[in-house]
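Notes follow the structure.
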Amino acid sequence: MKSAVVSLVEKALKAAQAEGSLPEVKVQINIEYPDKKYGDYATNVAFLLAKQARKNPREVAEIIAHHIKDPFVASVDVAEPGFINLRMKESWWNSIIEQILRDKEHFGDCNLGNGKKVQVEFVSANPTGPLHIGHGRGAAVGDSLCRILQKAGFAVEREYYINDAGRQIRMLGESIWARCKELKGEEVKFPEDGYRGNYVIELAKEALQKFPDILNMPKEKAVERLAEWGKDKLLEKIINDLKSFNVEFDSFFSEKSLHQEGKIEEALKVLKEKGYIYEKDGALWFKSTELGDEKDRVVVRTNGEPTYFAADIAYHRDKMKRGYYLCINVWGADHHGYIPRVKAAIKAMGYDPEKLKVLLIQMVSLLRDGKPVSMSKREGEIIPLRWLIDEVGKDAARFIFLTRKCDSHLDFDIEVAKRQTEENPVFYVQYAHARICSIKRIAEERNISLNPHQSDLSLLKEEEEKEIIRKLSQFPDIVEASARNLEPHRITYYLTDLASLFHSYYNRFRVLVEDKALRNARFALCEATRIVIKEGLRLLGVSAPEEM
RNA sequence: GCGGCAGUAGCUCAGCUGGAUAGAGCAGCGGACUUCUAAUCCGCAGGUCGGGGGUUCGAGUCCUCCCUGCCGCGCCA
């Protein structure tokens with residue numbers, strides 16, 4: 001609820017300026033949560049104005065503090081060296097509970113986005129194999145980010161870029177083809193960079209059933225057909241896996257379509273017209289160095305084929321033309337070196353590179369009881385996301401993927417995630433939700449009346465109760481900060497904190513007490529907590545079970 | 001070599017886009033279930049925020065220089 005406090009301080013500042021005690025300078029009013037002993041809210045405006053007001057911060061603070069008048073404010077203090085500390089009345093805190101009970105899951109919605117269109121492109125894994133753990137983290141971050149941005153008032157579009165063209169798809173076809181041969185007992189040299197995962201063998205078995213005469217066809221033709229068919233099968237599997245991970249997309253963008261519709265040529269033509277294309281060694285190069293890249297990049301190979309990068313230029317041109325307020329790409333951190341050239345291309349085509357934000361997702365190290373699980377790519381031995389979901393569950397996987405800043409390494413311990421104990425942060429939060437549901441259930445069973453909406457919240461006198469309310473009041477700020485900084489992990493931390501406060505409270509106090517008025521008041525607090533936990537979990541794509 | 005990211009408690013990590021005495025979980029030790037779910041709670045301990053310099057009322061946070069680790073640096077995608 002910082003925004004309400006901001007406007008309150010703003011009003012005081014304007015009043016002070018109007019009477020001439022402070023100069024008319026614009027400042028950003030910043031509200032913080034100070035240590036409890038100082039107050040409920042604090043602001044540092046005085047420091048920001050001190051220089052131009054030619055007064056010391058303390059004096060400025062006194063002037064502003066003097067003008068703060070609001071029915072919700074209990075006291076205003078100025079502390080050295082110039083902080084203004086506010087303490088709010090009980091009615092302020094109670095109104096927050098009322099607001100949560102009234103707004104329900106809409107509590108924390110904000111208008112940061114103001115309906116502006118934002119596109120988030122994530123996962124975009126090649127349809128040449130199943131999703132692995134790394135994709136899972138990207139999926140969790142991307143999807144959660146979308147949910148948060150939506151709550152913050154953006155019109156979000158989720159897109160998956162399908163790399164369905166080029167060498168790797170052909171290689172998929174060759175790999176399946178080779179496996180078909182082997183299944184028929186024929187000696188065949190498996191392609192050097194082929195896909196060696198078991199799923200290729202499965203595909204080959206299926207292909208032999210579906211296309212009985214596939215091996216009688218000329219190799220080129222067979223490979224092409226198998227590539228096309230295999231790619232579709234794998235994409236279907238990817239989409240299914242994502243669905244079980246609670247992730248769905250609004251649109252799929254095909255790289256192949258860029259080739260087919262001449263979009264690549266178009267994009268390159270634009271670059272050429274602007275003078276960013278030159279020929280060298282029989283290839284066409286993009287002068288990305290002029291726009292901040294380390295070296296120039298080939299866009300059309302000697303053999304006349306456009307590079308992957310050329311397609312990506314066309315893809316980003318298409319995105320830019322679609323007129324988003326912001327495009328967010330969620331990439332694996334190993335692609336970081338790729339950012340400058342894409343930004344260079346965007347700039348070269350006359351768009352603002354700031355329209356593109358790239359989120360880099362760091363590697364996930366898989367552990368089992370603290371020991372690393374080998375993830376060697378040898379023999380295509382990757383750990384599939386599907387396996388992880390089956391092993392630890394969708395909720396645990398998503399939550400744990402979101403327990404770190406996305407650009408930090410993540411240690412994912414499968415045994416801890418599976419363990420249904422205190423070590424597991426997912427259950428900790430879900431349990432708090434379930435406990436509140438349980439209170440309600442018990443009350444119904446025992447015919448105990450509960451009416452959170454008609455409760456006298458002033459009965460909530462305990463320090464633990466006030467702590468919870470303070471925390472609840474921060475939810476909108478956390479949502480906004482997560483959206484502003486594109487950092488879903490803030491929600492995860494917030495929920496853990498909130499759950500912790502609730503568990504403490506639950507252990508120390510009873511909700512279903514004899515005193516009806518107190519019972520209702522406490523239950524109102526619980527309901528508000530439940531609503532916020534459930535909504536927070538929703539933002540993470542994690543379920544909020546009513547019993548566990 | 002160049003570039004990106006990181007370095008905070010024994011371990012894994014937060015730290016609100018510069019704020020007041022740097023936090024949490026785990027691991028360790030000791031306690032709490034005839035009560036609304038013990039998947040929980042309560043208490044104890046733990047620090048040169050990698051190092052130096054700088055910017056200012058104020059730096060874990062910003063600038064600079066070192067040290068260390070991970071990762072990128074294809075006419076691969």
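Throughout, protein chains are lettered first and strands after them, A, B, ... in sequence-line order, and every chain is numbered starting at 1. Reckoned from all heavy atoms, side chains included, excluding hydrogens, waters and symmetry mates.
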Is a donor from one side chain sitting under 3.5 angstrom from an acceptor on the other, for A:Y505 and A:E465?
yes
Partner set under salt bridge (Lys or Arg N to Asp or Glu O under 4.0 Å) for A:K36, not counting sequence neighbours:
A:E467
Any pair with a residue in residues 122-133 of chain A that passes salt bridge (Lys or Arg N to Asp or Glu O under 4.0 Å), sequence neighbours left out, goes on the list, sorted by first then second residue, please.
none
Quantified in whole Å, what is the C1' atom distance between nucleotide B:C67 and nucleotide B:C11?
23 Å
With the stacking rule set at 5.5 Å and 30°, tell me whether A:Y493 counts as stacking on B:A14.
no
Just checking A:E547: base, sugar-phosphate only, or nothing, at a heavy-atom cut-off of under 4.0 Å?
base
Tell me: NE2 of A:H503 to P of B:A24, nearest whole Å?
17 Å
If we take the P atom in both B:A14 and B:G50, what is their distance in whole Å?
13 Å
A:K51: which residues meet the salt bridge (Lys or Arg N to Asp or Glu O under 4.0 Å) condition with it, sequence neighbours left out?
none
Which value, in whole Å, describes the distance between the P atoms of nucleotides B:A45 and B:U40?
23 Å
Mate of B:A59 where both pairing distances stay under 3.5 Å, Watson-Crick or G-U
none
Output a table of nitrogen or oxygen pairs between the protein and nucleotides 73-77 of chain B separated by less than 3.5 Å.
{"unit_1": "B:C73", "atom_1": "O2'", "unit_2": "A:K295", "atom_2": "NZ", "d": "2.9"}
{"unit_1": "B:C75", "atom_1": "O3'", "unit_2": "A:R301", "atom_2": "NE", "d": "3.1"}
{"unit_1": "B:C75", "atom_1": "O2", "unit_2": "A:T302", "atom_2": "N", "d": "2.8"}
{"unit_1": "B:C75", "atom_1": "O2", "unit_2": "A:T302", "atom_2": "OG1", "d": "2.9"}
{"unit_1": "B:C75", "atom_1": "N3", "unit_2": "A:T302", "atom_2": "OG1", "d": "2.3"}
{"unit_1": "B:C75", "atom_1": "N4", "unit_2": "A:D281", "atom_2": "O", "d": "2.9"}
{"unit_1": "B:C76", "atom_1": "OP2", "unit_2": "A:R301", "atom_2": "NE", "d": "2.6"}
{"unit_1": "B:C76", "atom_1": "O3'", "unit_2": "A:R301", "atom_2": "NH2", "d": "3.4"}
{"unit_1": "B:A77", "atom_1": "OP1", "unit_2": "A:R301", "atom_2": "NH2", "d": "2.4"}
{"unit_1": "B:A77", "atom_1": "OP2", "unit_2": "A:R301", "atom_2": "NH2", "d": "3.1"}
{"unit_1": "B:A77", "atom_1": "OP2", "unit_2": "A:Y308", "atom_2": "N", "d": "3.2"}
{"unit_1": "B:A77", "atom_1": "O3'", "unit_2": "A:Q168", "atom_2": "OE1", "d": "3.0"}
{"unit_1": "B:A77", "atom_1": "O3'", "unit_2": "A:Q168", "atom_2": "NE2", "d": "3.0"}
{"unit_1": "B:A77", "atom_1": "O2'", "unit_2": "A:N126", "atom_2": "ND2", "d": "2.9"}

Distance check, P atoms only: B:U56 and B:G72, in whole angstrom units.
41 Å
Side chain A:N44 and base B:G19 donor-acceptor under 3.5 Å
yes
Relative to the ring of A:H489, is the ring of A:Y493 parallel (under 30°), tilted (30 to 60°) or perpendicular (over 60°)?
perpendicular
Please state whether the rings of A:Y315 and A:Y161 are parallel, tilted or perpendicular, taking 30° and 60° as the class boundaries.
parallel
What is the distance, to the nearest angstrom, from the CG atom on A:D413 to the P atom on B:G25?
19 Å
Residue-phosphate contact under 4.0 Å: A:R435 side-chain N/O, B:A38 OP1/OP2:
yes
According to ring pair (Phe, Tyr, Trp, His ring centres under 6.0 Å), who are the partners of A:F309, at least two apart in sequence or on a separate chain?
A:Y338
Please tell me which of A:I439 and A:R404 maps to the more 5' nucleotide of RNA chain B, matching each residue to the nucleotide holding its nearest heavy atom.
A:R404
How far does the P atom of B:A59 sit from the matching atom of B:G53, given to the nearest Å?
14 Å
What is the distance, to the nearest angstrom, from the CZ atom on A:F412 to the P atom on B:C13?
14 Å
Identify, with sequence neighbours excluded, every residue that meets ring pair (Phe, Tyr, Trp, His ring centres under 6.0 Å) alongside A:Y276.
none
How close or far is atom P of B:G72 from atom CG of A:L360, stated in whole angstroms?
12 Å
Tell me: CH2 of A:W331 to C1' of B:C71, nearest whole Å?
15 Å
Is there any protein nitrogen or oxygen under 3.5 Å from a nitrogen or oxygen in nucleotides 7-10 of chain B, and what are the pairs?
none

Partner nucleotide, any strand, of B:C49 [Watson-Crick/G-U, under 3.5 Å]:
none
Contacts of A:F83 meeting ring pair (Phe, Tyr, Trp, His ring centres under 6.0 Å) (sequence neighbours excluded), chain-then-number -> A:F47
Report the residues that fulfil side chain to side chain donor-acceptor pair (under 3.5 Å) with A:T403, sequence neighbours left out, ordered by chain and then residue number.
none
Between B:G23 and B:G46, how far apart are the two C1' atoms, rounded to whole Å?
13 Å
Exactly one candidate in A:K357, A:K319, A:E159, A:H335 meets side chain to side chain donor-acceptor pair (under 3.5 Å) with A:N329; the answer is A:K319
May I ask you to check whether A:Q168 and A:N163 show a side-chain donor-acceptor distance below 3.5 Å?
no
What distance, rounded to whole Å, do you find between the two P atoms, one in B:G7 and one in B:U12?
12 Å
Do A:E228 and A:K256 meet the salt-bridge criterion of a basic N to acidic O distance under 4.0 Å?
yes
Mapping A:H409 and A:M363 onto RNA chain B by nearest heavy atom, which one lands closer to the 5' end?
A:H409
Please give me every residue in residues 469-491 of chain A whose heavy atoms get under 4.0 Å of an atom in RNA chain B, ordered by residue number.
A:H489, A:R490
Whole angstroms only, please: what is the NE2-P distance between A:H433 and B:U40?
17 Å
Not counting sequence neighbours, which residues clear ring pair (Phe, Tyr, Trp, His ring centres under 6.0 Å) with A:F190? List them please.
none
Could you tell me whether the side-chain ring of A:Y38 sits stacked on the base of B:A20, using a centroid cut-off under 5.5 Å and a plane angle under 30°?
yes
Paired with B:A6: which nucleotide, if any, by Watson-Crick or G-U wobble criteria at under 3.5 Å for both distances?
B:U68
So does A:D193 pair up with A:R167, basic N to acidic O under 4.0 Å?
yes
Do any side-chain nitrogens or oxygens of A:Y41 fall under 4.0 Å of OP1 or OP2 in B:C16?
no
Hunt down the Watson-Crick or G-U wobble partner of B:A24, both distances under 3.5 Å, from any strand shown, or write none.
B:U12
Spacing between A:D411 atom CG and B:C11 atom C1', to the nearest angstrom:
10 Å
Pairing partner (Watson-Crick or G-U wobble, both distances under 3.5 angstrom) of B:G30:
B:C42
Contact class for A:L512 (heavy atom, under 4.0 Å): base, sugar-phosphate, or nothing?
base
Provide, to the nearest angstrom, the distance between the CG atom belonging to A:D35 and the C1' atom belonging to B:G23.
12 Å
Scan nucleotides 42-46 of chain B against the protein and return all N/O pairs shorter than 3.5 Å with their distances rounded to 0.1 Å.
{"unit_1": "B:C42", "atom_1": "OP1", "unit_2": "A:S504", "atom_2": "OG", "d": "2.7"}

Just to verify, which of A:E464, A:E463, A:E462 counts as forming a salt bridge (charged side-chain N to carboxylate O under 4.0 Å, His left out) with A:R508?
A:E464
From C-beta outward on A:D407, which listed nucleotide comes closest to its side chain: B:C5, B:C71, B:A20?
B:C5
With rounding to whole Å, what would you report as the distance between B:U61 and B:A20 at their C1' atoms?
15 Å
Would a distance-only check, ignoring hydrogens and angles, find a side-chain to backbone donor-acceptor pair under 3.5 Å from A:K2 to A:N30?
no
